[in-house]
Amino acid sequence: MSIGQLYKHRTLGLSDEVVIRMYRVMSLAAKYDERAFMLQRAGKIPFHVSGMGQYAGQVGMAFAMEAKKDYFLPYYRDYAFVLAVGMTVKDLMLAVFCKAEDVNSGGRQMAGHFGDRKNHIVTASSPVTTQVPHAAGIALAAKMKKQDLVTYVSFGEGSSNQGDFHEGCNFAGVHKLPVIFVCENNQYAISVPLHKQVAGKISDRALGYGFPGVQVDGSDVLEMYRVTKEARDRAARGEGPTLIEMMSYRLMPHSTSDDDMLYRTKEEVEENRQKDGIVKFKEYLMECGLWSDEQDRELQEELKQEINEATKYADQAPYPKPEDTLRHVYAEGDDH
């Protein structure tokens, strides 16, 4: 790594403490992901969708947003993102165990459909991409009310071919809405490789809707932070949306119901595993003199304990009661 690349975080206004916290969040997300995958294989939980390989980019973007002020519509692989903006591992575990205390839906929705009112996280539906026009609608409401906030919405590259994506982008472009569209391009829409589903660059599609699009290396957490910060500042100034295409690689099967060896090779996966953003960011911190192998061992042990406690709590928590079937379906009380 060149001298010019060292301490890049400081040129971006990020303290040493903040970048260490960024590394902790992406490491925690990876630990959770590994545990959830094992729990599904052991028959303890019904289903899991992995986000492994996309966590560095997610953390970079999350730290560029303003938690508890902005609104977030993440898609189902965004574990690191939601952890960075306020959710906890216990929240994620309660969801994947389908327990009544689940803040997302009271154990009624498929895991990965994040929803947390206090952290301004709006849940998506199972049909992919429907969150894109919703994000444009929230941004429109914020603009009409003159609220100082920006909306963030993410989706996969397969989703970028859906009509909802284009309608949401067009509407946001026409009205110059304060929204950031993020395509987390992980090279595969379930079993379909990128070259069979997308012609050209997804980020270039923004030009047709009158706003900027940029393609970014999703394994570079600091570059993802920089680009997202610029997009947020632009939206906050009233200059409209930005489309960010985060280039990454899905290291795990599409879900626990998928056999990815039917459409790609172990060699391809392993080659990309060596380029993972968590590995690269750890090396960066060590070269900056901010991290050591001993600190990393201590962190991994701390995160393991946090995961263990969350797993035990969620495993023992009660399931939803039959009489609570309509909870989280209709508005309750006067707060609606």
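Since this is a predicted model, take the numbers as computed values, not measurements.
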field: Residues R234, E230: salt bridge by 4.0 Å N-O rule
entry: no
Ionic contact status for R226 with E223, cut-off 4.0 Å: yes
message: Check this for me, if you would: do R21 and D16 make a salt bridge, where the nitrogen-to-carboxylate-oxygen distance has to be below 4.0 angstrom?
response: no
query: Does a side-chain heavy-atom distance below 4.5 Å link M87 with I121?
result: yes
statement: One should read off an interatomic distance between D260 CG and I190 CD1, to the nearest 0.5 angstrom, of 12.5 Å
- request: Classify the side-chain pair Y188/Q197 by whether it contains a donor and acceptor separated by less than 3.5 Å.
  value: no
- prompt: Taking it one step at a time, do W291 and L299 satisfy side-chain contact (heavy atoms from CB on, under 4.5 Å)?
  reply: CA-CA 11 Å; W291 203 242; L299 174 64; 3.7 Å; yes
pair V192-Y263: side-chain heavy atoms closer than 4.5 Å: no
field: Value rounded to 0.5 Å, distance of OH in Y32 from CG in L303
entry: 15.0 Å
message: If we ignore hydrogens and angles and just use 3.5 Å, is the side chain of N272 paired with the main-chain N or O of E268 as donor and acceptor?
response: yes
- prompt: Do S292 and Q295 have side-chain N/O donor and acceptor atoms under 3.5 Å apart?
  reply: yes
message: Donor-acceptor check, side chain of K99 to backbone of L94, threshold 3.5 angstrom: yes or no?
response: no
- prompt: Is a side-chain N or O of Q58 found less than 3.5 angstrom from the main chain of R77, in a donor-acceptor match?
  reply: yes
message: Quick check on the 6.0 Å ring-centre criterion: do Y284 and H9 meet it?
response: yes
task: Report yes or no: do R35 and T311 form a side-chain donor-acceptor pair below 3.5 Å?
output: yes
message: Using a strict threshold of under 4.0 Å (side-chain N to carboxylate O), is an ion pair present between D33 and K31?
response: no
task: Decide yes or no for D91 and V82: does some side-chain heavy atom of the first lie under 4.5 Å from some side-chain heavy atom of the second?
output: no
- request: Decide, yes or no, whether a salt bridge links R237 with D233 under the criterion of side-chain N to carboxylate O below 4.0 Å.
  value: no
query: Does a side-chain heavy-atom distance below 4.5 Å link S203 with V214?
result: no
task: Determine whether Y23 and I278 make a side-chain contact, defined as any pair of heavy atoms from C-beta on separated by less than 4.5 Å.
output: yes
Option from K201, Q54, E245, Q215 for which side-chain contact (heavy atoms from CB on, under 4.5 Å) with N185 holds: E245
field: Approximate separation, where rounding is to 0.5 Å, of F72 CZ and E66 CD
entry: 8.5 Å
message: Would you call the rings of Y71 and H120 parallel, tilted or perpendicular, taking 30° and 60° as the class edges?
response: parallel
task: Please report the closest heavy-atom contact between T130 and S125, naming both atoms and the distance.
output: OG1-OG, 2.7 Å
For P320 against G106, the heavy-atom pair lying closest together: CG-O, 3.1 Å
message: To check you understand the geometry: which heavy-atom pair defines the closest contact between F211 and G173, and what is its length?
response: CD2-CA, 3.9 Å
- prompt: Of all heavy-atom pairs between K143 and K176, which one has the smallest distance, and what is that distance?
  reply: NZ-O, 3.5 Å
query: Do any pairs count as a ring pair (Phe, Tyr, Trp, His ring centres under 6.0 Å) and have a residue in residues 153-179, sequence neighbours left out, and if so which ones?
result: F155-F165, F171-H175
query: Would you call D324-R108 a salt bridge at under 4.0 Å N-O?
result: no
message: Return the OG to NE2 distance between S191 and H254, rounded to the nearest 0.5 Å.
response: 9.0 Å
- prompt: Can you name the nearest heavy-atom pair linking S126 to Q109, along with the distance?
  reply: OG-OE1, 4.3 Å
Residue pair S219 / K280, side-chain donor-acceptor N/O under 3.5 Å: yes
- request: Take L177 and I138 through the side-chain contact (heavy atoms from CB on, under 4.5 Å) test and state the conclusion after the steps.
  value: CA-CA 9 Å; L177 300 180; I138 293 171; over 6 Å; no
- request: Find the distance between CD1 (I45) and OG1 (T256) and round it off to the nearest 0.5 Å.
  value: 7.0 Å
message: Rounded at 0.5 Å granularity, tell me how far CD in E157 sits from CD in Q187.
response: 7.0 Å
- prompt: How about I244 and M224: do any of their side-chain heavy atoms sit closer than 4.5 Å?
  reply: yes
query: Taking all atoms of both residues into account, what is the closest heavy-atom pair of T88 and L83, and its distance?
result: C-CD2, 3.6 Å
task: Apply the side-chain contact (heavy atoms from CB on, under 4.5 Å) test between S50 and each candidate in M252, R250, Q40; give the one that qualifies.
output: M252
task: For D70 and L149, indicate whether the former's side chain and the latter's backbone hold a donor-acceptor pair under 3.5 Å.
output: no
task: Side-chain contact test, heavy atoms from C-beta onward, threshold under 4.5 Å: evaluate it for F281 versus V19 and give yes or no.
output: yes
field: D116 side chain near N104 side chain, heavy-atom distance below 4.5 Å
entry: no
- prompt: Does a donor on one side chain sit under 3.5 Å from an acceptor on the other, for E309 and Q305?
  reply: yes
task: For S154 and D78, test the side chains for any donor-to-acceptor distance below 3.5 angstrom and give the result as yes or no.
output: yes
- prompt: Salt bridge check: are R273 and E270 linked by an N-O gap of less than 4.0 Å?
  reply: yes
query: Between K282 and D296, does at least one N-O distance fall below 4.0 Å, as a salt bridge requires?
result: yes
query: Ignoring hydrogens and geometry, is there a side-chain-to-backbone donor-acceptor pair from D102 to G107 under 3.5 Å?
result: yes
field: Y79 ring center within less than 6.0 Å of F114 ring center
entry: yes
